[in-house]
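Just below is one structure, and these are the notes that go with it.
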Amino acid sequence: MTARIIDGRAYAADLRRQLAAEVRNLAEQGTRPGLATVMVGDSYPAQAYERRVRRLAEELGCHYVCEALPADVPEADAVAAVGKLDADPRVSGILVLRPLPSQVSEVALYRALDPLKDIEAVHPVNAGLLALGRPRYVPSTPASVYHMLDRYLSESGQDPQDVYSRSNVVLVGRSNNVGKPAILLGLARNATVLSCDVHSFKAGLLYEHTAQADILIVAAGSPALITGEHVKEGVIAIDVGINPLPDPRTGKVRLVGDLDFDSVAKKAQAISPVPGGVGPITDVWLLKNTVSAAKLAAGVAAAQPSLDGIPRPAYDHTRI
Ligand code: NDP
């Protein structure tokens, strides 16, 4: 089988065009969305992500600000930086970049977020709404994974609802920002969902599980964790992993995913590459959520996000 390579850059370009039109319409109504990032320290993935979303926000004409804090910042100062952004009327949405140094707890920063500006749904209230199927925001990476799957299935002449309801969706990775919400999005599409983690790997069961996947979503942060040996013929394989590796030939950093692309592609019906897969869609989705936050703050009517991507009747998210 020769896999179709799912072109995340093309999907992202389409979403970006739609978003640019939305931002222009909002500007005519006097609303300018604003994105803020909080970056502690200088990790490569955080810096790379910050640069990409900054560029995108500026190109779209959104306000953008980054609170860049030193790696040894006390937790209270990092919480205060979030509070400053909460109070800034130019900021509609806030992204806390990971990783964080050990003295700054994720939970402390997430709790400090104004839930209306928490575009990644990491505040306990938004994470709860997501788990209850009433999301105020759908976090950008899992939303992008399912956008990719929904669109690939439709374009290849398959009925997404039928495929999901017959599929084993296997997730490798269960982090709060990627794996867990991706479980909820799979359940909302009526798939049979299986979640794997380090413990499945250590128990020697990981590859037994991945071999059962009709749809495999890997978000572990471990280069080439899954090879062609570990998947079944005809799988749809989505690679979320972004692993920076130094290239011994050029000395530059090169990005690889969690799938061993060549061997998995030989058996898959479709596969997303790294780079050029989930990442570019995630960048645009973050801005899409920022625009939703700006609409919410301005009281502009907006389609309600849903776990399965199907529009739902309006739900008043300005109040809990
Ligand atoms: P985390 O480190 O927070 O979580 C990793 C998850 O993978 C954990 O649940 C962990 O299990 C599991 N895991 C790690 N190693 C193995 C293994 N050998 N076998 C099975 N499970 C394993 O990472 P994130 O979820 O934040 O990110 C995952 C990857 O996705 C990273 O490479 C990150 O850079 C990338 N990423 C990409 C994005 C994009 O837009 N493309 C956006 C966000 C992240 P346990 O829970 O037991 O520890």
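Side-chain atoms are counted along with the backbone in the values below, which use heavy atoms only and exclude waters and symmetry mates. Atoms within each ligand, like the ligands themselves, are counted from 1 in listed order. In this chain, numbering begins with 1 at the start of the sequence shown.
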Checklist entry - Does R136 come within less than 4.0 Å of D118, counting only side-chain N to carboxylate O? => result no
Next on the checklist: Heavy-atom distances under 4.0 Å decide this one: backbone, side chain, both or neither, for D283 against ligand 1?
Outcome noted: neither
Next on the checklist: Within the 4.0 Å heavy-atom shell around G279, which atoms of ligand 1 are there?
Outcome noted: 40 (O), 41 (N)
Next on the checklist: Which label fits H230 and Y207: parallel for a plane angle under 30°, tilted from 30 to 60°, or perpendicular past 60°?
Outcome noted: parallel
Checklist entry - Numbering the atoms of ligand 1 from 1, which are under 4.0 Å from a heavy atom of L206? => result 19 (N)
Checklist entry - Which atoms of ligand 1 sit under 4.0 Å from any heavy atom of H199? => result 47 (O)
Next on the checklist: Taking 4.0 Å as the limit for heavy-atom contacts, which would you say applies to N176 with ligand 1: side chain only, backbone only, both, or neither?
Outcome noted: neither
Checklist entry - How does D258 reach ligand 1, if at all, at less than 4.0 Å between non-hydrogen atoms: by side chain, backbone, both, or neither? => result neither
Checklist entry - Under 3.5 Å, N or O to N or O, is I242 touching ligand 1 that way? => result yes
Checklist entry - Considering only heavy atoms, does S175 approach ligand 1 within less than 4.0 Å through its side chain, its backbone, both, or neither? => result both
Next on the checklist: Any nitrogen or oxygen of S222, side chain or backbone, less than 3.5 Å from one on ligand 1?
Outcome noted: no
Item to check | Trace of the side chain to side chain donor-acceptor pair (under 3.5 Å) decision for S263 with D260 | outcome: CA-CA 6 Å; S263 63; D260 176 50; 2.4 Å; yes
Checklist entry - Does atom CD of Q158 have more than 12 heavy-atom neighbours, drawn from other residues, nucleotides or ligands, at distances under 6.0 Å? => result yes
Item to check | Per-atom contacts, ligand 1 versus V178 - under 4.0 Å to a heavy atom | outcome: 25 (O), 43 (C)
Checklist entry - Charged N to carboxylate O below 4.0 Å: is that the case for E22 and K288? => result no
Next on the checklist: Are I94 and L60 linked, directly or through intermediate hydrophobic residues, by side-chain heavy-atom contacts shorter than 4.5 Å (ILVMFWY only)?
Outcome noted: no
Item to check | Aromatic Y152 / basic R4 pairing, under 6.0 angstrom, 45° off normal | outcome: no
Checklist outcome for this item: Within the 4.0 Å heavy-atom cut-off, what V274 brings close to ligand 1 is neither
Checklist entry - Looking only at N/O atoms, are V198 and ligand 1 under 3.5 Å apart anywhere? => result yes
Checklist outcome for this item: The answer for which part of V240 has a heavy atom under 4.0 Å from ligand 1 is both
